[in-house]
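These notes are about the structure you will find just below.
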Amino acid sequence: MTQEPSIVAAVQWSPEVLNPTAGAEKAAAAVREAGAKGAGLVVFPECWLQGYPYWSGLAPSSPEYQHFRQLSFEASIPIDSTVLEPVYVAAREQGCTVVLGLQERVGGTLFCTLLFIGPDGKKMGSQRKLVPTQAERLVWGRGDGSDIDVYPTPLGRLGGLSCFEHQMAPARLALCSLNIQLHAAAWPGHAFLNPIIDASMRQLAHENA
Amino acid sequence: MRTPEEAKGHWNTQGGSAIIAPGGVYLQEPVFDTETILVAPVNLADIAVHKWFFDGAGHYSRPDVFQLRWNRDPKPAVAQGAFLSDES
């Protein structure tokens, strides 16, 4: 028996850099626009809420780096922050499942986190990136792997990974073992990544079908 | 580094969002240098034929050869509670 096709959406909008309040409003607007197009699942890029920390590529000893680092710390939010409320409201209003990349603060440590929101407008779960890459290692801590999960949604079983977690074979296999059907792949934009993303995401689509 | 005025109209990075079907075919090819929301219909029934060929956690695994161990325990830096006893 074939199922009625569902519609998924990938958001490619500029983030509200270092402004999570504005970022949440913009995310809500994106969810509404995707919902208007009939989408039941809306996926954002890596660390989209505050913007990916491209400033981490500056020299850490430079005043500019240190300025951005401070702003980035202050723009980070606990996962239960009320700043996210507009996104939850939009998800519920549109009946959309949402996967949002954001920078999470836990005490004195920042994480690159994927937040999974259900169509009831409630958090389903969140997962912290296992290993930051290169310059990210001076910005983010490491997730402990306890929060990787696959969630039942109206469109199917949903999970995700961030960036080079996709290159971690055990992480891919872990999601496969949880019977993932829909994979939200959160990446930043970097020109050198384009061929890697093309190859590895198409591989993943077969490997974890 | 550009000033904010100089940066107006320049992309910092180019994007590349896409939507991919089971088996690796693009439903939406990667999109660069534009702001957009890509949409595509997905049909879970399309998964089955690919699992028939390859199921990495199922029929295409060889746990007698390679087995993944996943520690899903939370790992707090500080664990509260009594010390574990040496005595059994």
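Just the heavy atoms: all of them, side chains too, but no hydrogens, waters or symmetry mates, feed the values below. We name chains A, B, ... by the order of the sequence lines, and we start the count at 1 in each one. Bear in mind the structure is a predicted one, so any value in this text is a computation, not a measurement.
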key: A:Arg202, CZ: over 12 other non-hydrogen atoms inside 6.0 angstrom   = yes
request  = Indicate the atoms forming the closest heavy-atom contact of A:Trp13 with B:Thr36, along with that distance.
outcome  = CD1-O, 3.7 Å
request  = Give a yes or no on whether the backbone of B:Val31 and the side-chain of A:Gln12 come within a donor-acceptor separation of less than 3.5 Å.
outcome  = yes
request  = Could you tell me whether the side chains of A:Ser14 and B:Glu35 share a donor-acceptor contact shorter than 3.5 Å?
outcome  = yes
request  = Name the member of B:Ala40, B:Pro76, B:Ala18, B:Pro22 that forms the most heavy-atom pairs with chain A at distances under 4.5 Å.
outcome  = B:Ala40
key: B:Lys75 backbone acceptor or donor facing A:Asp144 side chain under 3.5 Å   = yes
query = Checking heavy atoms, do the side chain of A:Leu178, its backbone, both or neither come under 4.5 Å from chain B?
reply = side chain
message = Using only atom types and a distance under 3.5 Å, with no angle test, would you say the side chain of B:Trp70 pairs donor to acceptor with the backbone of A:Gly145?
response = yes
task = Check whether B:Asn12 gets within reach of chain A through its side chain, its backbone, both or neither, counting any heavy atom under 4.5 Å.
result = side chain
inquiry  = Can you give me the closest heavy-atom contact between B:Ala21 and A:Ala205, atom names plus distance?
reply    = O-CB, 3.3 Å
inquiry  = Using only atom types and a distance under 3.5 Å, with no angle test, would you say the side chain of B:Arg72 pairs donor to acceptor with the backbone of A:Ile148?
reply    = yes
task = Specify whether A:His206 and B:His50 have parallel, tilted or perpendicular ring planes, treating 30° as the upper limit for parallel and 60° as the lower limit for perpendicular.
result = perpendicular
key: Rounded distance (nearest 0.5 Å) linking atom CG of A:Asn179 with atom CG of B:Asp55   = 7.5 Å
ask   = Contact part of B:Ala48 toward chain A, heavy-atom cut-off under 4.5 Å: side chain, backbone, both or neither?
value = neither
Rounded distance [0.5 Å steps], CG in B:Asn71 versus OG in A:Ser146 = 9.0 Å
remark   = Interatomic distance, CG@B:Leu44 vs CD@A:Gln181, rounded to 0.5 Å, equals 4.5 Å
task = Could you look at A:Leu182 and say if it's the side chain, the backbone, both or neither that has a heavy atom under 4.5 Å from chain B?
result = side chain
request  = Please look at A:Asp149 and chain B and tell me whether the side chain, the backbone, both or neither of the residue comes under 4.5 angstrom of a heavy atom of that chain.
outcome  = both
task = Identify which part of A:Asp198 has an atom lying under 4.5 Å from any heavy atom of chain B, answering side chain, backbone, both or neither.
result = both
key: Contact class of B:Tyr26 relative to chain A, heavy atoms under 4.5 angstrom   = side chain
ask   = Heavy-atom count around B:Phe83 CZ within 6.0 Å, excluding the residue itself: above 12?
value = no
ask   = Rounded to the nearest 0.5 Å, how far does CD1 of B:Ile37 lie from CD of A:Glu33?
value = 4.0 Å
inquiry  = For A:Ala174 versus B:Leu68, what's the shortest heavy-atom pair and its separation?
reply    = N-CD2, 4.1 Å
Side chain / backbone / both / neither for B:Val49 at chain A, heavy atoms under 4.5 Å = neither
Residue, of A:Cys176, A:Pro188, A:Gly38, that accumulates the most heavy atom pairs under 4.5 Å with chain B = A:Cys176
Chain B contacts, top residue of A:Ile7, A:Asp147, A:Val8 (heavy-atom pairs, under 4.5 Å) = A:Val8
request  = Measure across B:Val39 and A:Ala9 and return the closest heavy-atom pair with its distance rounded to 0.1 Å.
outcome  = CG1-CB, 3.8 Å
Proximal component of B:Pro30, with respect to chain A [non-hydrogen, under 4.5 Å] = neither
